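Since this is a predicted model, take the numbers as computed values, not measurements.
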2 protein chains.
Amino acid sequence: MANTNELYKKYGSTLNRCELFQGMDEKQWNDLLNHFHEEEWPRESCFINHQKFLFHFFIIVSGRVKMYNVDDFSEKEHTLFLLKKGDVFDLFCLLDGVQHQVYYECIDPLKVLAVPMDDLRDWLKKNPAYYQGFLSYAGKMMRMLEENVSQLIFTDISTRLLKLLLSNVDYSSNRLQHINDLPNKEIANLIGSTRAVVNRHLQKLKRNGSIKVSRNKVQIRDISILLKELNNQNKKL
Amino acid sequence: MANTNELYKKYGSTLNRCELFQGMDEKQWNDLLNHFHEEEWPRESCFINHQKFLFHFFIIVSGRVKMYNVDDFSEKEHTLFLLKKGDVFDLFCLLDGVQHQVYYECIDPLKVLAVPMDDLRDWLKKNPAYYQGFLSYAGKMMRMLEENVSQLIFTDISTRLLKLLLSNVDYSSNRLQHINDLPNKEIANLIGSTRAVVNRHLQKLKRNGSIKVSRNKVQIRDISILLKELNNQNKKL
DNA sequence: CATTATAAACTACCTAAGTAGCACAACAGA
DNA sequence: TCTGTTGTGCTACTTAGGTAGTTTATAATG
C-alpha cells in the first residue's frame with residue numbers, strides 16, 4: 001500500500017489526465033493502483049505480436065511508443081498510433097480479449113504502469129460506474145480511426161502531411177511536438193507514404209518558409225503559411 | 001407487454017444473432033424490448049447528420065442502410081459500413097453521446113427496432129453484466145476500422161475489389177450477397193475509388209471468367225479464379 | 001411502342017505518388 | 001581521426017489511378 005501511495009504521488013498528475021479513468025479521486029486511484037507496478041523499457045525495445053499485451057494493460061507515464069503494423073508482402077510499415085504520456089495500450093485486447101496483430105516499438109526510454117488484464121476487468125466489474133468512461137474512450141478511438149480512413153480516401157499526401165504537422169503544434173509555444181525529432185521515414189509511416197515522397201513535400205514547405213528541416217528534426221517557422229497552404233489544398237479540387 | 005412479446009416472436013431469430021446483446025434469453029429480451037418500437041423507412045430515405053441518431057438507437061431487422069460520409073470539397077462519397085439485418089447503429093453515439101458526422105441512406109425498404117438512447121443506457125446501468133458485450137463489440141468495430149486503414153495503405157484498388165467480392169460470398173451457395181445488386185458507383189464508394197476505375201477492374205475479372213456483370217448486378221462465376229487472382233496480387237510486389 | 005433516364009463500357013489523357021539510385025552531411029563508436 | 005552508419009536531398013523514371021467524354025445497353029415510363 002505504501003508502494004501504491006507512492007505511485008499516485010509520483011504520477012497522479014499524469015493519471016488524472018488519463019481519459020480512460022475520468023472522474024476518479026485519490027482514494028479510488030489508490031484502490032486501483034494496488035494492482036499496478038512500474039516498468040521501464042529501454043529505447044528501441046520492440047515487441048512483435050507479444051503475448052505480453054494480452055495479459056497486461058499499460059499506462060504510459062513517460063516516453064513514446066509507436067503501435068504499427070507491417071504488410072506481409074511489401075514489408076512496408078504503417079504507424080497506427082504514436083502513443084505518449086497518458087495514453088494506454090492495448091485497448092483492443094482489453095475490450096475483447098483477443099490478441100492484437102500489431103507491433104510495438106519504443107521511440108524513447110519508456111516508463112509505464114502495468115496491470116494484469118484480469119485484475120483490471122475484475123475492478124471494472126466491481127466498479128461498474130467506470131464502464132461509461134471505457135465506452136466513451138472506445139467511441140473516441142473509433143472516431144479517430146474513422147477520421148483516419150476518411151483522410152486516406154479523400155486527401156493526398158501533401159494534405160495529410162500538413163494536417164499531421166498542424167495537429168502536433170503546441171499552440172502555447174508554436175513549436176512542433178511529439179513528431180519534431182523523427183526521421184522522414186517515420187513521418188512517412190505515420191501518413192502512409194514513403195520517405196522519398198515525404199521528403200519531396202517537406203522540401204516544398206521548406207522553400208516556402210513554413211518549416212525548417214535538419215537531421216532528425218522538423219521545426220515550425222511560420223504556422224500561418226502552413227494554414228494557408230492547407231486551405232489551398234482544399235480549394236484545388 | 002403484448003406488443004413486446006410480439007416483437008420477440010417476430011424478430012427473435014434476428015435478435016439472437018445480434019452480437020451486441022450476446023447471451024440474453026427470452027425473458028431478458030422481453031424486458032429490454034419493452035423500450036423498443038418498430039419503424040419502417042422507405043427505400044432511398046436519406047438522413048444527413050440527423051439528430052435522430054443521437055436520441056435513438058436502432059437494430060436492423062430487414063433491409064440495408066449505408067453509413068457514408070462525404071468530402072466537403074470534392075463531394076466524393078465513401079461508404080463506411082453497409083449495415084444489414086442484425087447490425088445496429090449508431091454505435092458511435094451510443095458509446096460517447098456525441099453527434100456522429102455521417103450520412104445514412106436506405107438501400108432497401110428498411111425495418112428497424114428503435115429504442116431511446118437513454119432507455120438503453122439506463123437498462124445497461126441496471127444490467128451491468130451486459131457491458132462486456134458492448135465492450136467486445138466496440139473492440140470488434142475498432143479492429144474492422146483498423147483493418148480498413150491497413151488495406152487502404154497497403155493494397156491497391158484491384159486487391160481491395162477482390163477482397164470486397166470474396167468477403168461477400170455466401171459459401172453455401174457460392175453466390176455473391178449483400179453487394180450483388182449494387183451499381184459500379186456504389187462498389188467504388190465501398191473501396192474508396194471511382195466508378196470508372198472499378199469498372200476497369202471488373203472488366204478484367206469478367207474477361208478472365210471469374211465474374212459476370214450486368215446492369216446493377218455482379219455475379220460470381222468461378223471463385224477459384226478470384227482466389228488465384230488475389231494470390232497473384234500479393235506476389236506481384 | 002417511343003421516349004427518357006440510368007448504368008455500363010471504352011478511349012485517351014494527365015498527374016501524384018511510388019521507385020531506384022547516388023552524392024553528400026551528420027553523427028556515433030572504435 | 002578514421003570508419004561505418006544513418007538520414008537527407010536530389011534526379012530520372014514508371015505506373016496506377018483519377019478524369020473527361022462518348023457510345024452503347026438496359027430498364028422504366030407514359
Side-chain angles (χ1 to χ4, degrees), chain A residues 42-44 71 73-78 105 107 151-164 179-208 211-219 229 232-237, chain B residues 43-44 71 73-78 107 151-162 164 179-208 211-219 229 232-234 236-237:
Chain A
R43 206 172 97 88
E44 287 179 7
D71 184 52
F73 302 97
S74 64
E75 288 180 330
K76 279 186 199 164
E77 291 186 12
H78 172 237
E105 191 183 315
I107 308 270
Q151 267 202 33
L152 287 168
I153 288 181
F154 295 137
T155 71
D156 56 19
I157 304 279
S158 68
T159 307
R160 301 215 294 270
L161 180 59
L162 282 168
K163 289 196 176 180
L164 177 71
I179 58 163
N180 58 309
D181 60 350
L182 301 180
N184 293 183
K185 182 87 189 40
E186 289 298 334
I187 294 175
N189 290 346
L190 278 164
I191 58 175
S193 180
T194 58
R195 187 201 67 85
V197 176
V198 163
N199 184 268
R200 194 182 292 161
H201 290 289
L202 286 175
Q203 293 307 316
K204 226 185 267 175
L205 294 176
K206 199 171 84 177
R207 261 177 270 137
N208 75 19
I211 61 168
K212 218 166 73 180
V213 178
S214 53
R215 190 191 175 85
N216 289 328
K217 190 154 279 181
V218 178
Q219 284 171 286
E229 203 69 26
N232 291 341
Q233 292 296 325
N234 291 333
K235 269 185 249 164
K236 235 179 14 188
L237 303 170
Chain B
R43 205 172 96 87
E44 288 178 6
D71 184 52
F73 302 96
S74 64
E75 288 180 329
K76 278 187 201 166
E77 291 185 12
H78 173 238
I107 308 269
Q151 267 203 32
L152 287 168
I153 288 181
F154 295 136
T155 71
D156 56 18
I157 304 278
S158 67
T159 307
R160 303 215 293 271
L161 180 58
L162 283 168
L164 177 71
I179 58 164
N180 57 309
D181 60 350
L182 300 179
N184 293 183
K185 182 88 186 44
E186 289 298 335
I187 294 175
N189 289 346
L190 279 164
I191 59 174
S193 179
T194 58
R195 191 200 68 79
V197 175
V198 164
N199 184 268
R200 195 183 292 163
H201 290 289
L202 285 176
Q203 294 308 315
K204 226 186 268 175
L205 294 177
K206 200 171 84 177
R207 262 178 269 136
N208 76 20
I211 61 168
K212 220 165 75 180
V213 179
S214 52
R215 191 191 176 86
N216 289 330
K217 191 156 280 181
V218 179
Q219 284 170 286
E229 204 69 26
N232 291 341
Q233 293 295 325
N234 291 334
K236 231 176 23 184
L237 303 169

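- The salt bridge (Lys or Arg N to Asp or Glu O under 4.0 Å) analysis of residues 191-205 of chain B, with sequence neighbours excluded, yields no pairs.
- Atom CG of B:Asn189 and atom P of D:dG17 are 17 Å apart (whole Å).
- Nearest to the side-chain atoms of B:Ile157 among the listed nucleotides D:dT19, D:dG17, C:dG18 stands D:dG17.
- For A:Lys76 and C:dA20, the NZ to P distance is 10 Å, given to the nearest whole Å.
- The rotation axes computed at either terminus of the helix from C:dC1-D:dG30 to C:dA30-D:dT1 lie 40° apart, taking five pairs at each end and rounding to 10 degrees.
- Under the 4.5 Å side-chain criterion, counting only non-hydrogen atoms from C-beta, A:Leu161 is in contact with A:Ile187.
- Considering only residues two or more places apart in sequence or on other chains, A:Lys206 meets the side-chain hydrogen bond (donor to acceptor under 3.5 Å, both in side chains) condition with A:Gln203.
- Here CG of A:Leu202 is found 4.5 Å from CD1 of A:Ile211. Values are rounded to the nearest 0.5 Å.
- Residue A:Asp156 contributes atom CG, which lies 5 Å from atom P of C:dA17 at whole-angstrom precision.
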Using a 4.0 Å heavy-atom cut-off, write out nucleotides 25-30 of chain D from 5' to 3' as B (base contacted by protein), S (sugar-phosphate only) or - (no contact). BBS---

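- In this view, A:Gln151 satisfies the side-chain hydrogen bond (donor to acceptor under 3.5 Å, both in side chains) rule with no residue, not counting sequence neighbours.
- Among the heavy atoms of the strands, none lies under 4.0 Å from B:Lys217.
- By the side chain to side chain contact (heavy atoms under 4.5 Å, CB included) test, A:Ile153 is found to be paired with A:Val149, B:His78, B:Leu152, residues two or more places apart in sequence or in another chain being considered.
- Pairing each heavy atom of A:Pro183 with each of A:Asn216, the nearest pair is CB-OD1, 3.4 Å.
- Partners of B:Thr159 under the side-chain hydrogen bond (donor to acceptor under 3.5 Å, both in side chains) rule, at least two apart in sequence or in another chain, are B:Asp156, B:Gln233.
- Here the side chain of B:Pro183 is nearest to one of C:dA8, D:dG17, C:dA16, namely C:dA8.
- You'll find the side chain of A:Ile107 reaches within 4.5 Å of the side chain of A:Leu182, heavy atoms only.
- Side-chain contact between A:Leu205 and A:Val213: absent, with no pair of heavy atoms (C-beta onward) separated by less than 4.5 Å.
- OP1 and OP2 of C:dA7 both lie 4.0 Å or more from every side-chain N or O belonging to B:Asn184.
- Considering only side-chain atoms of B:Val213, the nucleotide from C:dG18, C:dA9, D:dG17 that sits closest is C:dA9.
- Per the geometry, CG belonging to A:Asp71 stands 15 Å off C1' belonging to C:dG18, to the nearest Å.
- Taking atom CZ on B:Arg195 and atom C1' on D:dG21, their separation rounds to 11 Å, with Å as the unit.
- Atom CG of B:Leu182 and atom P of C:dT6 are 17 Å apart (whole Å).
- Note on A:Thr194: every side-chain N or O is 4.0 Å or more away from OP1 and OP2 of C:dT19.
- Between B:Phe154 atom CZ and D:dA16 atom C1' there is a gap of 18 Å when expressed in whole angstrom units.
- Contacts of residues 197-206 of chain A with DNA chain C (heavy atom under 4.0 Å): A:Val197, A:Arg200, A:His201.
- Every residue two or more places apart in sequence or in another chain was checked for a salt bridge (Lys or Arg N to Asp or Glu O under 4.0 Å) with A:Glu229, and none qualifies.
- With rounding to whole Å, B:Glu75 atom CD is found 17 Å from D:dG18 atom C1'.
- Side chain of A:Asn216, nearest nucleotide from D:dG18, D:dG7, C:dC10: D:dG7.
- Shortest non-hydrogen contact noted between A:Arg160 and A:Ile191 is NH2-O, 2.8 Å.
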